[in-house]
Structures are given as C-alpha cells and as structure tokens.
Amino acid sequence: MDDIYQHFRKEEKQFIDLAMDWKEFVERTYAEKLTDFLDPRQQFILQSVVGDGPDVRYAFFGGGPSCERKRALIFPDYLKPQEDHFQIGLYEIDYPRKFVKLEHRMVLGSLMSLGIKREKFGDIIVNGDRIHFFSSTEIEDYIISQFKEVGKANVTIQKLGLDEVIEREEEWVQMEKTASSMRLDAIISAAFSVSRQKAQSIIGQKLVKLNWKITEQPATDCFEGDMISARRLGRCKIIRILGETKKQKLRIQFGMVKS
C-alpha cells in the first residue's frame, strides 16, 4: 500500500492517509464508516485506496443522479447500502426572486459564514431563479434556523424530497486545442483562449481551482483527468493528450463548460 503515494500528488498524501484510516476502521470494527461530502478527486483516491477486495466495499451518493460532491459509505460485505444510510437532505432557498439574483458563489459564501465546514455541504444547483443544495442531515436543524441571508437578501429554507431536485443548468462540450506545455497557466491559456499573462494573473488572485482545490502556482503540472475551474471563465477537464503538432505543441482534448 506504501506504493500508492507515487500515483498521486504530494499534497494529496494527507487525504490518502485519511482514506486508509477509514478502511482500517471498517476492517477492525466490521462496522460502516460514513464520510463527509467528497469532491470527485477525493472519490477517485478513496476508490484506489479501498480497492475491490471482498471484505471492505464502498459506495458513493450525493443526493441526486448528477451530483459531483458525494458522501462515501465504506462498509463490510454484509451491509446492503440504501439512500438513508448516507444521511443527505435536499433544501430549496426561498428569496424575493423579483428583486434580486443569487449566484452559486453567493450561496456557498453565506453557508460557509455559518461556521460549518465545506465538507458538510454537497452540490449547490442553480436553474433559473431556483436554487437547491444538499447537506448532511446532522446539521439540518442548525441550517434551517440560522441560514437567513444571502448577500442582502432575506432567505428561508424549505426541505424537499431527494426526488424533487431540479436539473443543473450546465452543458459540456468537447473541444480539441493546443497548448505549449502541461503547466497550469498554459492549460488555462489554451482552454479558455486567454493570454498566458492573464492566466497567471487569475491564478495569483486565487481564482483558479485544480481538482477542486485553490492553487496559486502557475507552474503546477496538469495531467489527464484533471478538472480546472477559473472564475468568470468557466470549467474544463483534460480528457486526453492526443499527441504533438509539427510545431511541438500538445494537442489536448478538453471537456468544456463556459460561464
């Protein structure tokens, strides 16, 4: 298992160790372990750590079919996971829609201002003027009683059934582009058709996330499967490196969502 570290970035070692602790807990106690919400990169690492052994298994659920952030249930072979094992609630934000427009980042910021870890919240879904979010049910009473404001808008929270979730307003397209290297600033420049200098600037302003984590290092190497989001530009995923052009640039297939 020690060799697993070589397959991931150095900064991911702490989460790898945590995932190994979860697995060992289930092996030792023969009881299940429910995690907080994990981003897709963490889910991939957890899959790699737990593996496909017969004694310890895992399942992911985020509350809806298109959720990115999901809770993981690590469990012994006797357990048959159901939705209620994951302890996830769906909530709708009611606010004066005629007078204000709320955005994803505003909702997240207001939820975080309650003093609750990001890991306690799942996806925030915006469709037109409707906003839904998923959360751990163990903090449900606190959220409903304390979440009263987003920006300058007064809000109230209504709990819904998981089958009532709205669809995400997001469309992915595949595009092929060329980049001078696999550095983060070069990838952003190529994917979003901006200058290298602008890419470096927004990275320095902490407006870029690589695999759901803010990074301030333009020279960070990127790899196939990496997800990059840049505020006001959009999101992209490096699907595949297709080869080199005659000018020795890299041909890259991206999945793109423009904001």
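What's counted below: heavy atoms across the whole structure, side chains too, no hydrogens, waters or symmetry copies. Just so you know, residue 1 is the first one in the sequence shown, and it goes up from there.
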What distance do Ser110 atom OG and Arg105 atom CZ have between them, rounded to the nearest 0.5 Å? 10.5 Å
Should Asp185 and Gln200 be marked as a side-chain hydrogen bond (donor to acceptor under 3.5 Å, both in side chains) after you check the CA-CA gap, both sets of side-chain angles, and the distance that decides it? CA-CA 6 Å; Asp185 56 353; Gln200 292 171 353; 2.9 Å; yes
Can you check whether Ile241 reaches Glu224 side chain to side chain, under 4.5 Å on heavy atoms? yes
Spacing of NZ belonging to Lys33 relative to CD belonging to Glu27, to within rounding of 0.5 Å: 15.0 Å
Under the side-chain contact (heavy atoms from CB on, under 4.5 Å) rule, what do Phe133 and Ile157 come out as? Steps first, then yes or no, please. CA-CA 10 Å; Phe133 68 92; Ile157 305 301; 4.1 Å; yes
same_hphob_cluster(Ile238, Val208) at 4.5 Å side-chain heavy-atom cutoff: yes
List the steps and the verdict of side-chain contact (heavy atoms from CB on, under 4.5 Å) for Leu46 and Gln42. CA-CA 6 Å; Leu46 180 60; Gln42 292 171 321; over 6 Å; no
N-O pairing of Glu103 and Arg231 below 4.0 Å: no
CG on Asp39 to CZ on Arg69, rounded to 0.5 Å: 6.0 Å
Test salt bridge (charged side-chain N to carboxylate O under 4.0 Å, His left out) applied to Arg168 and Glu68, step by step: CA-CA 11 Å; Arg168 190 186 305 274; Glu68 287 188 345; 5.8 Å; no
What's the shortest heavy-atom distance between Ser195 and Ser189, and which atoms? C-OG, 3.8 Å
Are Tyr30 and Val50 joined in one hydrophobic group, where the rule is that I, L, V, M, F, W and Y side chains link up if heavy atoms are under 4.5 Å apart? no
Scanning both residues in full, the closest heavy-atom pair of Phe75 with Ala59 reads CE2-N, 3.8 Å
Quick check: are there more than 12 heavy atoms from other residues, nucleotides or ligands sitting under 6.0 Å from CD of Gln205? yes
Is the number of heavy atoms from other residues, nucleotides or ligands under 6.0 Å of Lys213 NZ greater than 12? yes
Distance-minimising heavy-atom pair for Ser135 and Tyr91: CB-CE1, 3.7 Å
Glu149 side, atom CD; Leu114 side, atom CG - distance, nearest 0.5 Å: 11.0 Å
Are Glu12 and Arg41 within salt-bridge range, i.e. N to O under 4.0 Å? yes
Nearest-0.5 Å distance, CZ of residue Arg57 to NZ of residue Lys23: 13.0 Å
Heavy-atom distance under 4.5 Å between the side chains of Ser193 and Lys177, does that happen here? yes
When you measure from the centre of the six-membered ring of Phe99, is the NZ or CZ of Arg97 closer than 6.0 Å and no more than 45° off the axis? no
Check the pair Phe147 / Leu111 against side-chain contact (heavy atoms from CB on, under 4.5 Å), numbers first and verdict last. CA-CA 7 Å; Phe147 191 39; Leu111 286 168; 3.8 Å; yes
Would the distance check show the side chain of Ser136 and the main-chain N or O of Glu138 forming a donor-acceptor pair, the cut-off being under 3.5 Å? no
If you count heavy atoms of other groups shown closer than 6.0 angstrom to NZ of Lys148, is the number above 12? yes
Taking the side chain as C-beta and beyond, is there a heavy-atom pair between Asp36 and Arg71 under 4.5 Å? yes
Applying the 4.5 Å side-chain criterion to the ILVMFWY set and letting contacts propagate, would Ile125 and Phe60 be lumped into a single cluster? no
4.5 Å side-chain heavy-atom contact, Val165 and Leu160: no
Distance (rounded to the nearest 0.5 Å) between Asn211 CG and Ile228 CD1: 8.0 Å
In terms of heavy-atom contacts, Arg251 and Thr178 come closest through CG-CG2, 4.2 Å
Is there a side-chain contact between Leu108 and Arg118, using heavy atoms and a 4.5 Å cut-off? yes
With no hydrogens and no angle check, just 3.5 Å: does a side-chain donor-acceptor pair link Ser180 and Arg196? yes
Smallest heavy-atom separation, Gln217 atom then Leu184 atom, equals O-CD2, 3.9 Å
Does a side-chain heavy-atom distance below 4.5 Å link Phe192 with Ile202? no
Heavy-atom neighbours of Tyr142 OH exceed 12 at 6.0 Å: yes
Measure the shortest side-chain to side-chain distance between Leu18 and Trp22 over non-hydrogen atoms and say whether it is less than 4.5 angstrom. yes
Within a reach of under 6.0 Å around CG of Asp84, are more than 12 heavy atoms found that belong to other residues, nucleotides or ligands? yes
Any heavy-atom pair between the side chains of Met182 and Ile252 that's under 4.5 Å? yes
Check Gly62 against Phe37 and note the closest heavy-atom contact, atom names and distance. O-CE2, 4.0 Å
Under the side-chain contact (heavy atoms from CB on, under 4.5 Å) rule, what do Lys120 and Ile143 come out as? Steps first, then yes or no, please. CA-CA 11 Å; Lys120 294 296 182 182; Ile143 292 175; over 6 Å; no
Co-membership, hydrophobic cluster, residues Phe8 and Tyr58, 4.5 Å side-chain: yes
Has His7 got a side-chain atom pairing as donor or acceptor with Ile4's backbone, closer than 3.5 angstrom? no
If Ile, Leu, Val, Met, Phe, Trp and Tyr residues are connected whenever their side-chain heavy atoms lie under 4.5 Å apart, and connections chain through other members, are Val194 and Leu210 in the same group? yes
Using only atom types and a distance under 3.5 Å, with no angle test, would you say the side chain of Asp226 pairs donor to acceptor with the backbone of Phe223? yes
